[in-house]
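Below is one structure; the comments refer to it alone.
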Amino acid sequence: KAGVTQTPRYLIKTRGQQVTLSCSPISGHRSVSWYQQTPGQGLQFLFEYFSETQRNKGNFPGRFSGRQFSNSRSEMNVSTLELGDSALYLCASSWGAWGSSYNEQFFGPGTRLTVL
Amino acid sequence: GQNIDQPTEMTATEGAIVQINCTYQTSGFNGLFWYQQHAGEAPTFLSYNVLDGLEEKGRFSSFLSRSKGYSYLLLKELQMKDSASYLCAVRDQGLTGGGNKLTFGTGTQLKVEL
């Protein structure tokens, strides 16, 4: 069974640009969550999508947005990039069933974004 | 909101036992996870606790006390490959009472020495 895949793996952008990152979950998984990881802040939750709807949201500015498609693949977009957006962006997928108390998340390898 | 604390670094000897503690404050607890992350790699799931008590899984065990806001991860028979960052994460109720909103601690960097 293929794992979570993320593209691209590495990205270099300049301030003010925008970027779109892609995540393909494990087959059958309907929940996709996005995280930002930096050395100073650790792993921080961005948002979660389930069945094409945003189900949970973290405390990031509106420049960070996402969406999910009918095949559960997800994209996140960051507009007007800032230097502080340089980070590893991880997505994680899970079954995400409602009412389930156990939702192990499987992480992808991440996209390393560098903003110059 | 959530607040999670865990030690920044720990060092232990190969073959020994190490306990990594995690304390948390939460407004809506819905489970606690432990993940392992090797440098340059994605986090991988180790354990999940939602009820008080000990969960054992091979060389790894995790304990939870909800009343104390406390968990620990116990690693036995340490191996060099266990050198990694160990992340404690708490799931809260989120916007809709369900789902996967996880708040992670900053991680404990474990170094296993000969």
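Chain letters run A, B, ... following the sequence lines, proteins first and then strands; every chain starts at 1.
- The choice from B:Pro43, B:Gly105, B:Ala89 that makes the most heavy-atom pairs within less than 4.5 Å of chain A is B:Pro43.
- Contact annotation for A:Tyr35: only side-chain heavy atoms (C-beta onward) come within less than 4.5 Å of a heavy atom of chain B.
- Between A:His29 and A:Phe106, the two ring planes are tilted [angle within 30° to 60°].
- Counting only N and O atoms by type, the side chains of B:Thr11 and B:Glu113 include no donor and acceptor under 3.5 Å apart.
- In this structure, the salt bridge (charged side-chain N to carboxylate O under 4.0 Å, His left out) partners of A:Arg73, at least two apart in sequence or on a different chain, are A:Glu75.
- Contact annotation for A:Leu43: both backbone and side-chain heavy atoms come within less than 4.5 Å of a heavy atom of chain B.
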If you look only at distance, which donor and acceptor atoms sit under 3.5 Å apart when one is on a side chain in residues 108-116 of chain A and the other is two or more places apart or in another chain?
residue, atom, partner, partner atom, Å
A:Thr111, OG1, A:Pro8, O, 2.5

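- Neither the backbone nor the side chain of A:Gln44 comes within contact range of chain B, judged by heavy atoms closer than 4.5 Å.
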